[in-house]
Amino acid sequence: MKALIIGAGGQIGSELAGALEAAGHEAWMVDHQPLEKCAGRGALEASFAQYPGLAARWLPALDVLQADRLAALIADLRPDTVFHLAALLSATGEANPDLCWRVNVDGLRTTLEAMTRYRRPDGADPVLVCPSSIAAYGPVTGRPDVLERGPEEGPLEPTTMYGVTKVVAERLGAWYSHQLKPTAGRGRVDTRLLRFPGLLSAVPPGGGSSDYANELFFAGARGDQAVQIFVRPDTRIPFMHMDDALRSLVELAEAPRARLTRTTYNVGACYPTAEEIAEAVRRRLDHPFEVRYVPDHRQAFVDSWPRRLEDGAARSDWGWSHRLDLEGMTDRLLHDCRASLAR
Ligand code: SER
């Protein structure tokens, strides 16, 4: 596939380019920041060294709010698949709700609109893949099971602006996939969303409320003897290693449309409490690792998210299966965070 990654310098995008190349696809990349300022610069440069020709497909910086430039880029490149990853996360989004809406919703709609203007070389609808999130859920009166299970069919009553934008993204995806009435010069976009758990990798995330887990792995890798995190020890939300997340993005993009029964899929992996993550890190260190739990305003956001994420549809429709649980993930993350800190 000829893929365009929008938001290619961030936590997911900076590792997706290499994952696409490894799977035999051609990745093009754009971010709102120049390469030297991107959080994922180290991961990108490692992929550039591994895959000849990839560095030349890093495009000049472009903000998704520059709608005309973004539409022109898509019209020019005509990617058959777009991975739309440009977004504000929950904590930053709640502090800047207007910007969160503009980046997460308006940026996505600009991309979708531009993609209605062309077909794939084989005549099929172009494919857009976009993350949704556990933050699309929220507490529902009389339905405690929603936060216990994370049911695929919802209901979705998010409490953060970030969660609101993810529900809108899901509904936009369904509309562009099925409801848009094609006309001459304007066709549908085969839109596929994944409701992700908190994602863990050696690329620091920016402004999420699941970041407390990433902070534990980085602190362990740095050799810190004490760390303070912003949630209670019994806080439990779904988590996933980035390698599984990248594989889910690529596998969903590759899945034949005829096998898909929905536009949004849940993907789950493991469900540790903050204390269980801290203990998994501590067991692998040869020095004390004291964790202080000092909840702040982000505690309420994670408390509004489900503790599990049912993902039977992804497993049966396109063969989704996670590979890394908490133990495997901890081994990998400590190793990779140490390597990233050494760079
Ligand atoms: N990781 C995200 C956040 O914390 C949740 O999707 O905002």
Side-chain angles (χ1 to χ4, degrees), residues 7 10-16 39-40 83-97 99-101 103-105 107-108 129-139 146-147 150 152 154 156-170 173 193-218 229-232 235-246 248-249 264-274 277 295-309 311 322 329 333:
Q11 190 201 13
I12 303 176
S14 59
E15 296 196 88
L16 180 59
F83 292 89
H84 189 88
L85 309 175
L88 265 64
L89 291 181
S90 58
T92 319
E94 209 58 13
N96 305 277
L99 185 63
C100 185
W101 179 273
V103 171
N104 295 16
V105 176
L108 174 62
V129 182
C130 179
S132 181
S133 163
I134 45 174
Y137 293 91
V146 173
L147 296 194
E152 290 169 298
L156 303 174
E157 298 190 13
T159 58
T160 59
M161 178 53 91
Y162 171 71
V164 169
T165 66
K166 290 301 179 184
V167 175
V168 173
E170 292 185 14
L193 293 101
L194 286 162
R195 277 190 209 126
F196 272 141
L199 299 181
L200 298 166
S201 70
V203 176
S209 305
S210 55
D211 294 4
Y212 65 87
N214 308 66
E215 288 171 13
L216 286 171
F217 291 109
F218 270 101
I229 62 169
F230 56 81
V231 294
R232 294 185 314 270
T235 303
R236 186 190 300 280
I237 60 168
F239 281 104
M240 180 182 283
H241 189 275
M242 186 60 76
D243 283 2
D244 277 331
L246 297 173
S248 72
L249 285 162
T264 299
Y265 285 92
N266 285 5
V267 280
C270 63
Y271 309 94
T273 64
I277 298 171
D296 70 11
H297 64 287
R298 290 168 284 186
Q299 179 74 59
F301 304 159
V302 289
D303 282 346
S304 76
W305 297 347
R307 291 176 273 286
R308 294 193 75 79
L309 204 49
D311 61 0
H322 72 280
M329 199 155 81
L333 286 167

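In listed order, ligands and their atoms are each counted from 1.
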Holding to side chain to side chain donor-acceptor pair (under 3.5 Å), I want the full list of residues that pass it with His84, two or more places apart in sequence or in another chain.
Thr111
Could you tell me whether the side chain of Thr165 reaches within less than 4.5 Å of the side chain of Leu88, counting heavy atoms only?
no
Any idea which heavy atoms bring Ser248 and Leu194 closest together, and the distance?
OG-CD1, 3.6 Å
Between Tyr137 and Arg195, does a side chain to side chain donor-acceptor pair (under 3.5 Å) hold up when you go through it step by step?
CA-CA 10 Å; Tyr137 293 91; Arg195 277 190 209 126; 3.1 Å; yes
Does Gln299 have any side chain to side chain contact (heavy atoms under 4.5 Å, CB included) partners at least two apart in sequence or in another chain, and if so, which?
Val231, Arg232, Thr235, Pro295, Val302, Asp303
Side chain to side chain contact (heavy atoms under 4.5 Å, CB included) partners of Ser133, counting only residues at least two apart:
Ala135, Tyr162, Lys166
Per-ligand residue contacts, ligand 1, heavy-atom threshold under 4.0 Å
Leu89, Ser90, Ser133, Tyr162, Gly208, Ser209, Ser210, Trp305
